[in-house]
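Order of the sequence lines fixes the chain letters, A, B, ..., with proteins taken first and strands second; residue numbering starts at 1 for each chain.
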Amino acid sequence: MGLQVYNTLTKSKEAFIPLEPGKIKFYVCGVTVYDYCHIGHARSAIVFDVIYRYLLHLGYETTYVRNFTDIDDKILRRAREEGADFREIARRYIQAFYEDMDALGVLRPTLEPLATENIPCMIEIIKILVDKGIAYQSGTDVYFEVEKFEGYGKLSGRQLEDMVAGARVEVDVNKKNPLDFVLWKGSKPDEPAWDSPWGPGRPGWHIECSAMGSHFLGSTFDIHGGGKDLIFPHHENEIAQSEAAFGVPFVRYWLHNGFVNINNEKMSKSLGNFFTIRDVLQHINAEALRLFVISKHYRSPVDFSDEAVAEAEKGLDRLYGTVAAVKERTSPPGDTPIADKALMEQDKELFEEAESLPRAFNEAMDNDFNTAQAIGYLFNLQRHLQRFMDRFGQKKLKGPAAALAVKACDALTGHARVLGLLCREPDVYMDEQRRLKIKSTGLTEEDVLRSIEERHKARLEKNFAEADRVRRELEAKGIQLEDTPQGTRWRVSI
RNA sequence: GGCGGCAUACCCAAGUGGUAAGGGAGCGGUCUGCAAAACCGUUAUUCAGCGGUUCGAAUCCGCUUGCCGCCUCCA
């Protein structure tokens with residue numbers, strides 16, 4: 001069947017066929033760097049990160065561009081408030097953005113251009129539009145005249161007349177039509193400015209993506225992504241500018257992710273109901289957040305709460321637990337490969353489950369990136385694998401049994417990683433979890449280890465009453481002990 | 001006012017015409033000195049409601065109800 005994607009432009013699922021076989025040109029709208037990113041930005045970043053990873057997994061040579069809007073009214077306002085240079089504000093929040101993205105395990109795109117470094121391309125496009133008579137200068141600004149572009153409204157599915165009739169369009173004396181949008185904005189004396197044929201100024205917001213997209217990916221490219229809220233007016237305007245200027249289709253497939261909600265309402269700056277990524281990661285594991293985000297289809301809204309993420313986290317613990325069990329109880333595979341037949345004789349069902357995962361996984365992902373279904377398959381394999389391991393009690397696995405467990409585990413982690421999950425060693429993950437959560441118990445790692453040692457001594461003396469007292473004492477504080485052949489482990493259970 | 005989306009078990013969530021994936025929680029069991037984890041079993045004759053199309057519908061069509069989003073900066 002091949003990859004099918006839902007295209008906002010056609011409002012239907014379509015077979016994905018890249019312009020150039022084997023290669024994909026992929027653009028996602030980045031952030032305006034004037035503040036810390038919130039969970040909504042995290043969702044968008046994670047969703048497109050998974051899409052990027054999957055395209056790479058399919059073997060496409062993918063050029064992924066994500067811009068930074070580093071000149072904009074909000075940045076200037078922030079700079080004014082702080083008495084800082086706008087470049088300083090941008091630099092600070094770009095830095096913060098990278099910290100957040102790295103924490104979330106989001107891969108770096110191929111290119112991350114800055115708006116301020118690509119102003120000549122923007123001026124070029126505006127010039128073309130002015131020369132064609134599609135853009136006009138009014139005062140110190142240059143506007144795009146929406147009525148000169150026939151297809152205006154095709155992405156967002158609205159008619160010009162309907163929008164003009166809408167009550168919320170601001171009237172501006174400089175504009176011929178209230179929906180005309182600014183391409184070039186003349187600067188006030190104290191504002192940063194770039195020279196242009198229309199006088200000193202700065203670019204409008206929409207023009208930067210048109211310019212950087214076409215500059216780095218070509219005048220037509222394959223995929224353009226962003227949040228649903230960018231459909232109108234941002235992406236609608238991008239299409240208008242680019243297609244009016246270049247006379248070719250701008251983007252073949254438009255992908256838009258749904259919002260993050262809080263109590264069933266959109267998370268947004270204006271509503272004030274947002275959480276920043278860095279705040280949330282103080283008490284939530286980044287990988288659990290990722291699993292939470294991608295356990296729902298990317299186009300649907302998702303309701304964020306600590307409880308909901310905690311549920312995802314339990315599942316993630318289980319996946320890592322099985323990976324840990326396989327690592328501990330199998331030796332690295334020997335040089336002599338073991339025949340499939342011998343593996344199958346160990347556990348036909350597990351063997352088949354591991355063998356069929358690649359196909360099932362790809363089928364799910366090919367269906368407009370159905371991560372929820374793909375994750376379902378991962379859990380199925382985990383359960384079969386753990387069941388197989390449990391058959392051996394606490395013993396180490398040898399020969400074909402070990403080989404089968406390793407095979408299944410490799411299939412599990414290999415596919416999880418396409419989703420950006422199970423990317424770390426299980427003990428690193430579990431250690432991270434302990435460190436993250438112990439803060440809420442009021443104890444330190446040393447406290448816990450001391451108690452465990454105490455209990456260990458009691459157990460050696462068969463003083464189980466004392467051992468259980470220590471266990472209950474720790475449990476009351478949220479520390480759960482687990483006795484294993486390798487010793488006593490602990491984790492924070494609240 | 002215009003445009004669009006959603007409604008599946010206690011909660012989250014796949015499913016897009018062939019007889020309800022998966023996760024969390026609960027209950028029962030196995031294992032364990034006791035636990036925990038894990039595993040096994042169990043929890044929707046039914047998919048907001050009402051009609052229709054069909055041999056067959058959660059899936060298609062119509063209507064009704066409820067919730068949400070966009071039309072303004074916004075992932």
Q: The test is side chain to side chain contact (heavy atoms under 4.5 Å, CB included); show your working for A:F232 and A:L155 and say whether it passes.
A: CA-CA 8 Å; A:F232 191 89; A:L155 181 70; over 6 Å; no
Q: I'd like to know if A:D483 reaches the base of B:C34 with its side chain such that a donor and an acceptor end up less than 3.5 angstrom apart.
A: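 In this structure, the two groups form a donor-acceptor pair.
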Q: What dot-bracket string describes RNA chain B from 5' to 3', counting Watson-Crick and G-U wobble pairs whose defining distances are under 3.5 Å, with [ ] for crossing pairs and | for pairs to another strand?
A: ((((((((.[[[..)..(...]]]((((((.......))))))....[[[[[..)....]]]]])))))))....
Q: Taking only the side-chain heavy atoms of A:D468 (C-beta and beyond), determine which of B:C71, B:C12, B:G33 contains the nearest atom.
A: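 Nucleotide nearest to A:D468's side chain: B:G33.
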Q: Rounded to whole angstrom, note down the C1' distance from B:U53 over to B:G26.
A: 41 Å
Q: Check every atom of B:C11, B:C39, B:C74 against the side chain of A:W205 and return the nucleotide holding the closest atom.
A: B:C74
Q: Would you say A:Q382 places a side-chain N or O within less than 4.0 Å of OP1 or OP2 belonging to B:C39?
A: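 Yes, such a contact exists.
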Q: Using the side-chain heavy atoms of A:F379, tell me which of these nucleotides is nearest: B:G23, B:C34, B:A75.
A: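 So the nucleotide nearest the side chain must be B:G23.
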Q: Quick one: A:D317 CG to B:G24 P, roughly how many Å, whole number?
A: 10 Å
Q: Return the orientation label for the A:F26 and A:Y52 ring planes: parallel under 30°, perpendicular over 60°, tilted otherwise.
A: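 Tilted.
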Q: Would you mind telling me which residue lines up with the more 5' stretch of RNA chain B, A:C29 or A:P301, judged by nearest nucleotide?
A: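 Closest to the 5' end, via its nearest nucleotide, is A:P301.
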Q: Does the distance from a Lys or Arg side-chain N to an Asp or Glu carboxylate O, for A:R491 and A:E482, drop under 4.0 Å?
A: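 A salt bridge is present here (some side-chain N lies under 4.0 Å from a carboxylate O).
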Q: If you check every side-chain atom of A:R383, which of B:A37, B:C39, B:A25 has the closest atom?
A: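 From the listed options, B:C39 comes nearest.
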Q: If you check every side-chain atom of A:R158, which of B:G23, B:C71, B:C73 has the closest atom?
A: B:C71
Q: Is there side-chain contact between A:R108 and A:Y98, with at least one heavy-atom pair below 4.5 Å?
A: yes
Q: Of all the choices, B:C67, B:G15, B:C11, which nucleotide is nearest to the side chain of A:Q373 once you look at every atom?
A: B:G15
Q: Are any side-chain N or O atoms of A:S44 and backbone N or O atoms of A:H41, one a donor and one an acceptor, separated by less than 3.5 Å?
A: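 Here the side-chain-to-backbone pair does not exist.
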Q: Where the side chain of A:E238 meets the backbone of A:I207, is there a donor-acceptor pair that is under 3.5 Å apart?
A: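 Such a contact is absent between A:E238 side chain and A:I207 backbone.
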Q: Between B:C3 and B:U42, how far apart are the P atoms? Round to whole Å, please.
A: 49 Å
Q: How long is the line joining NE2 of A:H256 and P of B:A75, in whole Å?
A: 13 Å
Q: Mapping A:L271 and A:P233 to their closest nucleotides on RNA chain B, which lands nearer the 5' end?
A: A:L271
Q: May I ask you to say whether A:D73 pairs ionically with A:R202, meaning some side-chain N is under 4.0 Å from a carboxylate O?
A: yes
Q: Taking atom P in both B:U45 and B:A9, what distance in whole Å separates the two?
A: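 Approximately 11 Å lies between the P atom of B:U45 and that of B:A9.
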Q: A:W254 vs A:H235 aromatic rings, parallel, tilted or perpendicular, using cut-offs 30° and 60°?
A: tilted
Q: For nucleotides B:C63 and B:G22, find the distance between their C1' atoms and express it as a whole number of Å.
A: 34 Å
Q: Between atom CZ in A:F97 and atom P in B:A75, what is the gap in whole Å?
A: 11 Å
Q: Atom OG1 in A:T116, atom CG in A:D70: separation rounded to 0.5 Å?
A: 3.5 Å
Q: Rounded to whole Å, please give me the gap between NZ in A:K11 and C1' in B:U16.
A: 19 Å
Q: What's A:A372 touching, base or sugar-phosphate or nothing? Going by heavy atoms closer than 4.0 Å.
A: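 A:A372: base contact, heavy atoms under 4.0 Å.
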Q: Determine the contact category for A:N370: base if any of its heavy atoms lies under 4.0 Å from a base atom, sugar-phosphate if only primed atoms, P, OP1 or OP2 are that close, otherwise nothing.
A: sugar-phosphate
Q: Let's test your reading of the model: under 3.5 Å, does the base of B:C34 pair with the side chain of A:R471 as donor and acceptor?
A: yes
Q: How far does the C1' atom of B:A38 sit from the matching atom of B:A75, given to the nearest Å?
A: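 To the nearest whole Å, 39 Å.
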Q: From the set B:A14, B:C34, B:A35, return the single nucleotide nearest to any side-chain atom of A:H297.
A: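 It is B:A14.
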Q: With a non-hydrogen cut-off below 4.0 angstrom, is A:F259 in contact with a base, only sugar-phosphate, or nothing?
A: base
Q: Choosing from B:A13, B:A37, B:C34, which nucleotide comes nearest the side chain of A:R459?
A: B:C34
Q: Regarding A:R491, tell me which of base, sugar-phosphate or nothing describes its non-hydrogen contacts under 4.0 Å with the strands shown.
A: sugar-phosphate
Q: Round to the nearest Å and state the distance from A:H234 atom NE2 to B:C74 atom P.
A: 7 Å
Q: Between the main-chain N or O of A:Y36 and the side-chain N or O of A:T276, is there a donor-acceptor pair closer than 3.5 Å?
A: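 Absent.
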Q: A:I375 has an atom CD1; how far is it from atom P of B:G15, in whole Å?
A: 12 Å
Q: Looking at A:R299, does any N or O in its side chain come under 4.0 Å of the phosphate oxygens OP1/OP2 on B:C6?
A: no
Q: Can you tell me the distance, in whole Å, between the NZ atom of A:K266 and the C1' atom of B:C73?
A: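 Interatomic distance, NZ of A:K266 to C1' of B:C73: 10 Å.
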Q: Assert yes or no for the condition that the ring centre distance of A:F221 to A:F250 is strictly below 6.0 Å.
A: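 Here the rings of A:F250 and A:F221 have centres that are less than 6.0 Å from each other.
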Q: Would you say the base of B:G22 and the side-chain of A:R318 have a donor-acceptor pair closer than 3.5 Å?
A: no
Q: Taking atom P in both B:C71 and B:A14, what distance in whole Å separates the two?
A: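 25 Å, rounded to whole Å.
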Q: Looking at residues at least two apart in the chain, or sitting in another chain, which of them share a side-chain contact (heavy atoms from CB on, under 4.5 Å) with A:H297?
A: A:R299, A:S300, A:D368
Q: Under 4.0 Å between a side-chain nitrogen and a carboxylate oxygen: does that hold for A:D390 and A:R387?
A: no
Q: So A:V260, base contact, sugar-phosphate only, or nothing? Heavy-atom distance under 4.0 Å.
A: base
Q: Taking only side-chain nitrogens and oxygens of A:R387, does any of them come within less than 4.0 Å of OP1 or OP2 of B:C40?
A: yes
Q: Assess whether one donor atom and one acceptor atom, taken from the side chain of A:D229 and the base of B:G69, lie less than 3.5 Å apart.
A: no
Q: B:C3 C1' sits how many Å from A:E236 CD, rounded?
A: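 Going from CD in A:E236 over to C1' in B:C3 covers 12 Å.
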Q: Given the P atoms of B:A13 and B:U64, what is the spacing between them in whole Å?
A: 27 Å
Q: For residues 406-428 of chain A, which residues have at least one heavy atom under 4.0 Å from RNA chain B?
A: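 Those residues: none at all.
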Q: Would you measure the distance from the C1' atom in B:G41 across to the matching atom in B:G4 and give it in whole Å?
A: 45 Å
Q: Can you identify which nucleotide, out of B:A38, B:A75, B:C73, has its nearest atom closest to the A:S270 side chain?
A: B:C73
Q: Give one of base, sugar-phosphate or nothing for A:G157, where a contact means two heavy atoms less than 4.0 Å apart.
A: sugar-phosphate
Q: If you check every side-chain atom of A:F464, which of B:G33, B:A75, B:C40 has the closest atom?
A: B:G33
